[in-house]
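Structure first, commentary second.
What you see is a predicted model, and the numbers here were worked out from it, not measured in a lab. Residue numbers start from 1 in every chain, and the chains themselves are labelled A, B, ... in the order their sequence lines are given, proteins ahead of strands. We use all heavy atoms of the structure for the numbers below, so side chains are in, but hydrogens, waters and symmetry mates are not.
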Amino acid sequence: MSHTYKPEQIELEAQRYWEQKRCFNVTEDDSKEKYYCLSMFPYPSGQLHMGHVRNYSIGDVLSRYMRMQGKNVMQPMGWDAFGLPAENAAMKHQVAPAKWTRENINYMREQLKRLGFGYDWDREVTTCDADYYRWEQWLFTRLYKKGVVYKKNAVVNWDPVDQTVLANEQVIDGRGWRSGALVERKEIPQWFLKITDYAEELLQGLDQLDGWPEQVRTMQKNWIGRSEGAEITFQIAESSEKLKVFTTRPDTLMGVTYVAVAAEHPLSLAMAENNPALQQFIAEAKVMSTAEADMETMEKKGMDIGLKAIHPISGEQVPVYTANFVLMGYGEGAVMSVPAHDQRDFEFAGKYGLDIKQVIAPADGADHVDVDNVDVEKVDVENVDVEKVNVEKVDLDEKAFTGKGVLVNSAQFDGLTSLQAQSEIPQALEKIGRGNKRIQYRLRDWGVSRQRYWGAPIPIINCPQCGAVAVPETDLPVKLPEDVIITGEGSPLKNMPEFYQCQCPECGADAERETDTFDTFMESSWYYARYCSPGCDSAMLDDRAKYWAPVDQYVGGIEHAILHLLYARFYHRLMRDEGLISGDEPFKNLLTQGMVLKDGAKMSKSKGNTVDPQGIIDQYGADTARLFMMYAAPPEQSLEWSDSGVEGQYKFLKRLWKTVTAHIDSLRSEGDANVVLDAAALDKDGKKLRHKLHQTISSVNDDIGRRHTFNTAIAKVRELLNMMEKMSHSLQQSEQGRALRHNVLESVLLMLSPIVPHITHQLWLDMGNDTAIVNELWPQVDASALLEDTIQYVLQVNGKLRDKIEVAADADKQSIEKLALEAEGVMRNISGKSVRKVIVVPNKLVNIVAN
RNA sequence: GCCGCUGUGGUGAAAUUGGUAGACACGCUGGUUUUAGGUACCAGUAUCUCACGAUGUCCCAGUUCGAGUCUGGGCAGCGGCACCA
């Protein structure tokens, strides 16, 4: 036993112990409650960053804590190994993505081990291994046969100079990051998964996810975006063509003054043939990123294409515009426009001098209608007095009136409320075959094709005769060739006939393999399930997955709140429908961890504000790094990095070491190895300390297990140690005092062991235990130690703190009131006033209202 | 632009169910030990005020005996927006 804290030595020793004893390698065991704790696996970028350390510290603390609750805990780790950065590194360093990625994995695995995370490494998953992605390919071919997968044209960012498809991230201010060329929108055929078929189920499922943060559920709900509306068909006056639109506001149909189509809409393209100005407009609309944020903030532009659309009810002819904000890929690629009641349409109409026709009047029935403050939700559209609707009160000079109300200027629909009109207008349309009610989701099908090399090959063969044919199960996996050179100009697979040349599995004719690869979200959508079936080479999953599913606790960054988590929920259902896994949801509880910041900004290489965890580990050890991460902020909040904060945690561990070793020395010199703590024999201080101990155990248990506020858990342990420190002299005097100190220190080590497992491992042994702390259970609370004789009451006069009193725990309300009114601070503040009311909050405070 | 979150001392934060604002730390100031620096230990530390006391949780209104916490409206920062992972 050393008298100075030497983290490196004890940490490596503890880690060796866990590995040799296989402490974290688990199997299915029906005699214990299972607990599957999962942290989002990292992209192997080269080194761990602080965000990883934080994420995995949280997961590890929860895992170790649950072990101490006697559960069968499984905590796996793996690598989200496909992705764009490997291709960038390949270009920069002239190294194949596979080699670069695998070297990174080997380095980062050692870093994780050095941090002491309790993973079952036998379950490690690496998504770029064919053993993994073959099952993803297999599922895709099954889904293709089932019709869940289909191919359609979709828009990508096209770099005309590098002749390559760019990710949104690679488009900077509308230009390609390498070439600087203006990026164009280009339509190419791509594969899609019909997530929209599951939209309703994914929406409904959110209600059951009460272990998820409310904000994440709200975000997903908004993302799925269920809306009820109508599909409406407009006839083109000049031809037999029809134009279909979807609207959430069919009640405003009579206010349509134009319709707008996407630049790439067939009508727009057809009219452009003899219209150079329109050609020019379409060409300009093409130069633009595909990111939604860019489209929403760009200048809204349009142009009359020279056609008229016939209003399905009024028969009126309205102009057809093409507009850069209408997207071919969304809905029908066309929208009906009601400038009076839609803000975007209003602005567009103002810009191009289009008619604005009011058809909705505010329906609050009041004499004065303050348009700015009409709250759609609060207007009682059912019981409106139509006589009182005042059309003139709506000021449409400044902005649109987007609220609901009563229909005006709407011919036979006049006087209907918006709500009534939303069913009656679609009904009227249905009778004449011009439309119907429809439920629309904002959610779009999941495009999974990527025109990139470093991803799982899409298992499809394109045959000139048979079309797209799934690769037969016996031919899987379609292995990605790993020995390649990346140039940045398209995928190398396109230049590898040995990869793409093949025969059609159906007719045997010469055919070509898909050279596109899967979106990396495909791999991250089911890795949690594969961890349950390590080594299974005959199927995607086996029955072990049914034992472990669902994940009991998922921990990861808030930035994944929508995409990754929604895709995984979808994928889980796909696997469920194949009979591969049980349950509807993959993640029972979700903890979304905040970011690690430095100087108020997210740590990133481009900002140059990163702190390498390795340096912290080398200087202070893993326990200090973990302790700082858990102490600096609650897990869901962002965490501000602080060098001096780290130093402070190191200081605490040094102090803990010193306190325990001093105690052990005393144990030896006093010869009280076998003294048993007798709670009844303690003096006043001793009883107070023991009370604090059990209060702390109970409270820390709640903080870690239920609230996940590790920062307050640590603070409470420190409070306990501070109190013990203050009593150190009196504790040292008696045998029972030293026994109590022994008891407190053992409990402290147990409570801290999930957070700082190495130092507690060593000190636990040094204190004379012959078991490892990793196998110990959480300390028991003695309820009798929590009882108190008196309770402190806070006394307020008119809500202001004036005094405090100690009251017997069993005092009744009347005697508490009496004591309160007699208290000096209260008397001083109520003199000359009469007491109007006395409020007694049990076990807390008394508020005296006086004036 | 749309969706979601956050806002408390010099700093990170705490206040769990509407009930003592600032626990626990970092930093700073002073002291003890030390030749010195560092370490360790002790004391102080929201603001104003000599003090009594008053004020104080981004801003403005409201509900309440009582609001950091609830409601309405604003401002600022952050995350996501479908090809970064």
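A salt bridge links Glu514(A) with Lys151(A): at least one charged nitrogen is closer than 4.0 Å to a carboxylate oxygen. The residues Asp162(A) and Arg178(A) are annotated as salt-bridged, a charged nitrogen and a carboxylate oxygen being separated by less than 4.0 angstrom. Taking the charged nitrogens against the carboxylate oxygens, Lys716(A) and Asp703(A) do have a contact shorter than 4.0 Å, which makes a salt bridge.
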| task | Take nucleotides 16-24 of chain B nucleotide by nucleotide from the 5' end and write B, S or -, depending on whether a protein heavy atom sits under 4.0 Å from the base, only from the sugar-phosphate, or from neither. | result | B--BB--BB
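In this structure, the ring of Tyr132(A) has its center no less than 6.0 angstrom from the ring center of Tyr527(A). Centroid-to-centroid, the aromatic rings of Phe628(A) and Trp641(A) come within less than 6.0 Å.
Nucleotide C78(B) forms a Watson-Crick or G-U wobble pair with G4(B), both donor-acceptor distances falling under 3.5 Å. Applying the Watson-Crick and G-U wobble criteria (two distances, each under 3.5 Å), A51(B) pairs with nothing in any strand. Nucleotide U71(B): paired with A61(B) (Watson-Crick or G-U wobble, both distances less than 3.5 Å). A 3.5 Å limit on both hydrogen-bonding distances identifies no Watson-Crick or G-U partner for U16(B). Across all strands shown, C28(B) forms a Watson-Crick or G-U wobble pair, both distances under 3.5 Å, with G44(B).
The cationic group of Arg450(A) does not satisfy the cation-pi geometry with Phe82(A), failing either the under 6.0 Å distance to the six-membered ring centre or the 45° limit from the ring axis.
In this structure, Ile562(A) places its CD1 atom 12 Å from C1' of C5(B), rounding to the nearest Å. Ile224(A) has its CD1 atom 13 Å from the C1' atom of C3(B), to the nearest Å. Taking atom NE2 of residue His52(A) and atom P of nucleotide A85(B), one finds them 13 Å apart after rounding to whole Å.
A glycosidic torsion no more than 90° from 0 defines the syn conformation, and G9(B) adopts it.
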